[in-house]
Amino acid sequence: MSLGQQLAPHLPFLRRYGRALTGSQAQGDRYVRATLEAIVAAPDQFPRDVDPRLGLYRTFQAIWNSANFDEVEGSEPAEEQEAVARARLSRMTPLSRQALLLTAMEGFTPEDAAYLIEVEPSEVDSLVAEALAEIEKQTRARVLIIEDEPIIAMDIESIVRDLGHEVTGVAVTRDEAVALAMEDRPGLVLADIQLADDSSGIDAVKDILAEFNVPVIFITAFPERLLTGERPEPTFLITKPFQRSTVKAAISQALFFDETTVPA
């Protein structure tokens, strides 16, 4: 099996990680594209002593950490370039959050996460603890949950409240979701894809975003179906069945970028 064939199944999830780090589909995909270009340009430098998925993420992390890659492109005046560079640096995901996302969202072991971010394995637990402490200090949000499975909705609501956030409502259909959002504007939306009346959580979110901007986290059992690169895709995506830590990490990261939003 060729290297490309080995890496292909992992690309949708690397794209998910890239957008979780950057808070942007375009920026996340830019890093993934640069990762693939680096592998094609120098296949002999791809880590062959580890699992292909681990090698893929390690190459991505090298690109992410590259100061040259995040240089401002184009022909803007020097002062504008400096301003854009400062803005990009201000929204760089800290190492602690990288450790949390790699373990909680991407499912890597602490040892693998240590390899990816180039720290000692003993440091990963403390980095994750640091990220969780940051979450505790995060501004509280008002959250709308769009989920038609009662048990899952209750579980999500419990997680949201445990983080100190307020739940504005739980909707099970597209129309109900839009009505609740218009009645009591949320600061975050957690949305399932398939809803009770066969309506779409994606359509519900589109309707809401047509009225006002709000960060959104989608929840689905089939994330690879949404991460095709063929249409606008969710920035934050949770895979079912999910761990509580995964939901916490996604909520925290979505709000992290909402609080530090800057022009791309």
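We number each residue from 1, following the sequence as shown.
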If you measure from [atom1] on [X] to [atom2] on [Y], what distance do you get to the nearest 0.5 Å?
X: S252; Y: L132; atom1: OG; atom2: CG; answer: 8.0 Å
X: R30; Y: T22; atom1: CZ; atom2: OG1; answer: 10.0 Å
X: D148; Y: D197; atom1: CG; atom2: CG; answer: 8.5 Å
X: T35; Y: L11; atom1: OG1; atom2: CG; answer: 9.5 Å
X: L102; Y: L21; atom1: CG; atom2: CG; answer: 7.5 Å
X: L237; Y: I219; atom1: CG; atom2: CD1; answer: 9.5 Å

Quiz item: Should we say atom CE of M182 is surrounded by more than 12 heavy atoms from elsewhere, each under 6.0 Å from it?
Solution: yes

Which atom pair, heavy atoms only, marks the closest approach of [X] to [Y]?
X: M105; Y: T246; result: CA-CG2, 4.0 Å
X: L255; Y: G187; result: CD2-O, 4.2 Å
X: L56; Y: F46; result: N-CZ, 3.5 Å
X: S245; Y: A104; result: O-CB, 3.7 Å
X: V178; Y: A204; result: CG2-O, 3.9 Å
X: A99; Y: L127; result: CB-CB, 3.9 Å

Evaluate the side-chain proximity of [Y] to [X]: yes if any heavy-atom separation is below 4.5 Å, no if none is.
X: F218; Y: V205; answer: yes
X: R16; Y: T239; answer: yes
X: Y31; Y: S66; answer: no
X: V40; Y: E37; answer: no

Listed partners of [X] passing side-chain hydrogen bond (donor to acceptor under 3.5 Å, both in side chains), at least two apart:
X: E120; answer: none
X: R161; answer: E157
X: E134; answer: S96, R97
X: S2; answer: Q5

Quiz item: Which ring pair (Phe, Tyr, Trp, His ring centres under 6.0 Å) pairs, counting each pair once, include a residue from residues 167-205, with sequence neighbours left out?
Solution: none

Exercise. Return each pair, listed once, that meets ring pair (Phe, Tyr, Trp, His ring centres under 6.0 Å) where at least one residue sits in residues 170-217; pairs must be two or more places apart or across chains.
Key: none

Practice problem: Start with the C-alpha distance between V216 and F236, add both sets of side-chain angles, then the distance that settles side chain to side chain contact (heavy atoms under 4.5 Å, CB included), and finish with yes or no. | Solution: CA-CA 7 Å; V216 178; F236 298 99; over 6 Å; no

Practice problem: Determine which pairs satisfy salt bridge (Lys or Arg N to Asp or Glu O under 4.0 Å) with at least one residue from residues 121-132, sequence neighbours left out, and list them in order. | Solution: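 Of all non-adjacent pairs touching residues 121-132, none passes salt bridge (Lys or Arg N to Asp or Glu O under 4.0 Å).
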
Quiz prompt | All pairs passing salt bridge (Lys or Arg N to Asp or Glu O under 4.0 Å) where residues 241-250 contributes a residue, at least two apart | solution =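 For residues 241-250, and leaving out neighbouring residues, the salt bridge (Lys or Arg N to Asp or Glu O under 4.0 Å) pairs sorted by first residue read D155-R244, D162-R244.
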
Exercise. Please name all residues satisfying salt bridge (charged side-chain N to carboxylate O under 4.0 Å, His left out) with E149, sequence neighbours left out, ordered by chain then number.
Key: none

Practice problem: Please check if the side chain of R15 supplies one atom and the backbone of H10 the other of a donor-acceptor pair under 3.5 Å. | Solution: no

Quiz item: Sub-3.5 Å donor-acceptor pair from the side chain of Q6 to the main-chain atoms of M1, do we have one?
Solution: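 Checked: pair present.
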
Determine, using the 4.5 Å side-chain heavy-atom cutoff (strictly less than), whether [X] and [Y] are members of one ILVMFWY cluster.
X: L100; Y: I117; value: yes
X: V247; Y: M154; value: no
X: I208; Y: V172; value: no

Quiz item: Given the rule in the side chain to side chain contact (heavy atoms under 4.5 Å, CB included) test, do T103 and T109 qualify, once you have shown the distances and angles that lead to the verdict?
Solution: CA-CA 6 Å; T103 54; T109 65; over 6 Å; no

Self-check item: Pairwise side-chain hydrogen bond (donor to acceptor under 3.5 Å, both in side chains) hits with a residue in residues 170-181, at least two apart
Solution: R174-D207

Exercise. Sequence neighbours left out, what pairs pass side-chain hydrogen bond (donor to acceptor under 3.5 Å, both in side chains) with at least one residue falling in residues 42-63?
Key: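 Pairs touching residues 42-63 that pass the test: Y17-Q61, Y57-E106, Q61-Q98.
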
Contacts under 3.5 angstrom, residues 188-195 side chains, donor-acceptor by atom type, not counting sequence neighbours:
{"residue": "D192", "atom": "OD1", "partner": "K240", "partner atom": "NZ", "Å": "3.4"}
{"residue": "D192", "atom": "OD2", "partner": "K240", "partner atom": "NZ", "Å": "3.1"}

Practice problem: Could you walk me through whether D184 and L180 pass side chain to side chain contact (heavy atoms under 4.5 Å, CB included), step by step? | Solution: CA-CA 6 Å; D184 192 354; L180 284 174; over 6 Å; no

Practice problem: Show your working on side chain to side chain contact (heavy atoms under 4.5 Å, CB included) between H165 and R142 and close with a plain yes or no. | Solution: CA-CA 6 Å; H165 303 302; R142 306 176 73 256; over 6 Å; no

Quiz item: Strictly by modelled atom types, are R185 and T168 linked by a side-chain donor-acceptor pair under 3.5 Å?
Solution: no

